[in-house]
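See structure below.
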Number of protein chains: 2
Amino acid sequence: MNGKRITIYDIAEELGMSASYVSRALNDHPLVSEKIKEKVKKKAAELHYRHNSQAANLRRGSSKTMGVIIPHIAQSFFSEVIAGIEEACTENQYSLIMCQSHDSYQQERKAIDVLVRQNVDCILICLAEETQSTQHLEAVKNSDIEIIQFDRCIDKVDTYKVMNDNSEAALAMVRHLVAEKYKRIAFIGGPEHLLTFKNRKAGYIKGITEAALNIPFNYIVENALTKEAARQAAIKLLSLKHPPDAIVTVSDVQALAVLQLAESMGIAVPQQLGIVGFANESFTELVRPTLSTIDQQSRELGRQAANVYFKNILKEDVKFRKDKTIVVKSKIVMRQSSQKKMVESSKTKAGQFSQKA
Amino acid sequence: MNGKRITIYDIAEELGMSASYVSRALNDHPLVSEKIKEKVKKKAAELHYRHNSQAANLRRGSSKTMGVIIPHIAQSFFSEVIAGIEEACTENQYSLIMCQSHDSYQQERKAIDVLVRQNVDCILICLAEETQSTQHLEAVKNSDIEIIQFDRCIDKVDTYKVMNDNSEAALAMVRHLVAEKYKRIAFIGGPEHLLTFKNRKAGYIKGITEAALNIPFNYIVENALTKEAARQAAIKLLSLKHPPDAIVTVSDVQALAVLQLAESMGIAVPQQLGIVGFANESFTELVRPTLSTIDQQSRELGRQAANVYFKNILKEDVKFRKDKTIVVKSKIVMRQSSQKKMVESSKTKAGQFSQKA
DNA sequence: CTGAAAGCGCTTACAG
DNA sequence: CTGAAAGCGCTTACAG
């Protein structure tokens, strides 16, 4: 509004003291008396003074700002992660800047650029589906900005990694399906170059092997993370001569695609087809049947990722840092889409399911 | 990693030229030859130089950064708005910093503080449900940072405002319900100090008046924006001696609360109760019955809000600026939850609805 | 308890 | 086409 910006010099002048002293008063320096602090702050408010972090950061060399890059803010998994990160930032008086990559490698690069230019102290990143090249991550590592991967990580990039027990979670899901008497369990996966999806697949394979199920090679579809790709994959699976009676996915969006497809094809879920997702998105309990899934403890995942910076990195000697993977335990959430037995017993009892199985 | 940060002075020294010239080369100044630009950029990359926006901004006085504050990133309405803002920012080579208020006044204040300190050029804000005091907004107005309200606005704060045709949208909804032969149409609203909700209510009242419906005073519930508040409001409404046969809400979350309550009470939707929401959240077409709602054209709303800054403010003479409200037209989305007639006719034809109406 | 001075890294009139 | 110099607004050793 008014032309010139108010600085500590203006306050100093009005109050007949030095700018350095004003700066100390404003920053609650212990050697400045309460009385003076009050006086200075009052005058600052009066003049509509506002602190300029950029100048302070430039001088101090640290911005007390953390950056986070996620594929999509619209998914509740990510917004929960963000909530966890926000908590940790607030506790440590850090600001948070968030960017989304929209699962695009190009936009991810741009986001990194924005954060680097904003001089954040640390970047938390959950990689875009597309990301295979790692030079943008290596470039950050070559700067004095810390970078921490979470959820979707590339193994060979040597950073702290905060991830779920993905393999165990997928294994637990397969065991659950086996217990529910599903026998022909297929898999729709994500891009294998991301450790996360590789591990989920490994868990699936382990479960299949453990149960000694005989799975045709074409029951395993890789790299179908988008809703449309998952839909196409499911169409293929369900039109096989011997279609699967259950489908394990690596994300709730995929599971939703399968569920909607099944509905449109008149396939009864869970009776004819069991479906399980991953992430415990908020929509999973709104759809019918409700979707069985994995609760990734997203808020906790976010907290831990941020705390790697606040605790492991800020408080430890840089020289002794080593690559380290932090594992956040997940929980299986069993709902209707995979509980064949429950439906069958209730059908016998009450007959409230009218579709034939 | 390495101790000292690389600056343009380091590049200048290595190349035997001045820092100013390096700066110009890096910024594609027209008076620098392509050859030299290339040389400088190559050396910059080689030295892992990274531009320091903070220093540049400090010098330049503008950060080319926009800030946005929304209540929750987890709602698809807001993430779509953000997408629209991102588009406009990208087109104008601006960075975007987003913050969420979690509908809390305190957190909204903090968010403003963060953005002011980051020296953003402009703040776009959708107010928290709680926000009644406006001094934090006035404080921004007293600085050289522009502030633009969108979606949820306080009328008396003199800024550009970008909003939907909220009154018309609510009116259209009531007309639709009337056409569907609903007669006892109740209303669950939001906080009236926010213009948005005031307008939606006005539209509802207009529709009721227009249809000459006789509505008891207790059919109108105000200030019940959270899911739980809406649920409580619906419980009261539905346990009246003469309960409503339709409920108009001002948000999809409220509508979802009503829908879930109806389901648990065994009330058939839309046959016994019509329900309409607002915002066209992504879950509205996942629930059963699907929810009728208002498509707020959220992406366009975001674009327009950002463009008020890029077009109206940046390109016009500041002195001639006036308070102005930009209206984004919404669209009614009719789905199952309010279409009694369709259900009834299909029931007659095929008898596929088993619940009694 | 208080101040003078330097410097963070950049851009940009000014001068040549 | 190129450089020297000032200054954006702050913090912080250093000195008293």
Side-chain angles (χ1 to χ4, degrees), chain A residues 2-41 44 47-65 93 116-121 143-145, chain B residues 2-41 44 47-65 93 116-121 143-145:
Chain A
N2 20 12
K4 210 183 133 294
R5 178 181 191 126
I6 305 296
T7 72
I8 51 173
Y9 284 87
D10 299 309
I11 301 173
E13 198 171 353
E14 291 251 349
L15 255 31
M17 52 173 75
S18 76
S20 8
Y21 209 44
V22 169
S23 170
R24 287 192 189 96
L26 254 18
N27 288 313
D28 282 324
H29 190 103
L31 261 49
V32 179
S33 75
E34 279 311 315
K35 224 178 184 167
I36 293 191
K37 281 179 192 168
E38 240 171 67
K39 201 170 116 191
V40 171
K41 286 178 185 176
L47 297 177
H48 297 303
Y49 166 78
R50 55 197 182 83
H51 178 260
N52 186 331
S53 294
Q54 306 205 273
N57 296 339
L58 181 59
R59 174 57 228 247
R60 206 192 302 106
S62 137
S63 63
K64 288 198 116 195
T65 300
Q93 282 126 284
V116 166
R117 282 163 172 262
Q118 292 285 338
N119 239 338
V120 297
D121 294 349
S143 75
D144 49 359
I145 298 178
Chain B
N2 19 14
K4 209 180 134 294
R5 178 180 190 127
I6 304 296
T7 73
I8 51 173
Y9 285 87
D10 299 309
I11 301 173
E13 197 171 353
E14 292 251 350
L15 255 32
M17 52 173 78
S18 76
S20 9
Y21 209 44
V22 170
S23 171
R24 287 193 189 94
L26 253 19
N27 288 314
D28 282 324
H29 191 102
L31 260 49
V32 180
S33 75
E34 278 312 315
K35 221 176 183 169
I36 293 191
K37 282 179 192 167
E38 239 172 69
K39 200 169 119 191
V40 171
K41 285 178 184 175
L47 297 177
H48 296 304
Y49 166 79
R50 54 198 184 83
H51 176 85
N52 186 331
S53 293
Q54 306 206 272
N57 296 341
L58 180 59
R59 173 59 226 248
R60 208 193 301 107
S62 136
S63 63
K64 290 198 111 194
T65 300
Q93 282 126 282
V116 166
R117 283 161 171 262
Q118 293 285 337
N119 238 337
V120 297
D121 294 347
S143 75
D144 50 359
I145 297 179

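Just so we're clear, the structure is a prediction, and the values are computed from it rather than from any experiment. Numbers restart at 1 for each chain; the letters A, B, ... are given by sequence-line order, proteins then strands. Reckoned from all heavy atoms, side chains included, excluding hydrogens, waters and symmetry mates.
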Residues of residues 8-17 of chain A with a heavy atom under 4.0 Å from any atom of DNA chain D, listed by number, are A/Ile8, A/Tyr9
To the nearest angstrom, the NE2-C1' distance between B/His29 and C/dT11 comes to 11 Å
Taken to the nearest whole Å, CG/A/Leu58 to C1'/C/dA6 is 13 Å
Can you list the steps and then say if B/Leu47 with B/Ile6 is a side-chain contact (heavy atoms from CB on, under 4.5 Å)?
CA-CA 7 Å; B/Leu47 297 177; B/Ile6 304 296; 4.0 Å; yes
From CG of A/Asp144 across to C1' of C/dG9 the rounded distance in Å is 13 Å
When rounded to whole Å, the CZ to P distance for the pair B/Arg50 and C/dG9 reads 10 Å
Do B/Leu15 and B/Lys39 have side-chain heavy atoms sitting under 4.5 Å apart? yes
key: Spacing of the C1' atoms in C/dT12 and C/dG16 (rounded, Å)   = 16 Å
In terms of heavy-atom contacts, A/Ser23 and A/Ile8 come closest through CB-CD1, 4.2 Å
Taking D/dA4, D/dG9, C/dT12 as options, the one with an atom nearest any side-chain atom of A/Arg5 is D/dG9
Annotated structure of DNA chain C as dot-bracket, pair cut-off 3.5 Å, Watson-Crick or G-U only, | for inter-strand, is |||.||||||||.|||
Here the pair of heavy atoms bringing B/Ala12 nearest to B/Ser18 is CB-C, 3.7 Å
*Mind checking B/Asn27 for me? I need base, sugar-phosphate or nothing, with any heavy atom below 4.0 Å counting as a touch.*
sugar-phosphate
Anything under 3.5 Å between a protein N or O and an N or O of nucleotides 13-16 of chain C, put it in a table, one pair a line.
{"residue": "C/dA13", "atom": "N6", "partner": "B/Arg24", "partner atom": "NH2", "Å": "2.6"}

Contacts of B/Ile36 and A/His51 projected onto DNA chain D by closest heavy atom; the upstream (5') one is B/Ile36
In whole angstroms, the gap separating P of C/dG9 from CG of A/Asn57 amounts to 12 Å
Just N and O in the side chain of B/Ser18: are any of them under 4.0 Å from OP1 or OP2 of D/dA4?
no
Heavy-atom closest pair (B/Asp10 atom, B/Arg5 atom, distance to 0.1 Å) is OD2-O, 3.6 Å
Minimal heavy-atom distance between B/Gln54 and A/Ser63, with the atoms involved, is OE1-CB, 4.3 Å
Of the candidates C/dC10, D/dT11, C/dG3, the side chain of B/Tyr49 sits closest to C/dC10
Closest to the side chain of A/Arg60, out of D/dT12, D/dC10, C/dC8, is D/dT12
Residues 12-22 of chain A vs salt bridge (Lys or Arg N to Asp or Glu O under 4.0 Å), sequence neighbours excluded, gives A/Glu14-A/Lys43
Q. Touch check for A/Thr7, heavy atoms < 4.0 angstrom, all strands: base, sugar-phosphate only, or nothing?
A. sugar-phosphate
Inset, instruction - Take A/Tyr9 and A/Val22 through the side-chain contact (heavy atoms from CB on, under 4.5 Å) test and state the conclusion after the steps. - result: CA-CA 8 Å; A/Tyr9 284 87; A/Val22 169; over 6 Å; no
Exercise. Does B/Glu34 come within less than 4.0 Å of B/Lys37, counting only side-chain N to carboxylate O?
Worked result: yes
Residue set satisfying side chain to side chain donor-acceptor pair (under 3.5 Å) with A/Lys64, at least two apart, ordered chain then number -> none
In whole angstroms, the gap separating C1' of D/dC10 from CD of A/Gln54 amounts to 12 Å
A/Lys39 NZ to C/dC1 P, in whole Å, measures 15 Å
Whole-Å distance, B/Lys35 NZ to D/dC1 C1', equals 14 Å
Could you give me the CA-CA distance, side-chain angles and deciding distance for A/Asn52 and B/Asn119, then say whether side-chain contact (heavy atoms from CB on, under 4.5 Å) is met? CA-CA 7 Å; A/Asn52 186 331; B/Asn119 238 337; 3.2 Å; yes
The complete set of salt bridge (Lys or Arg N to Asp or Glu O under 4.0 Å) pairs with one or both residues in residues 49-58 of chain A, sequence neighbours excluded, reads A/Arg50-B/Asp144
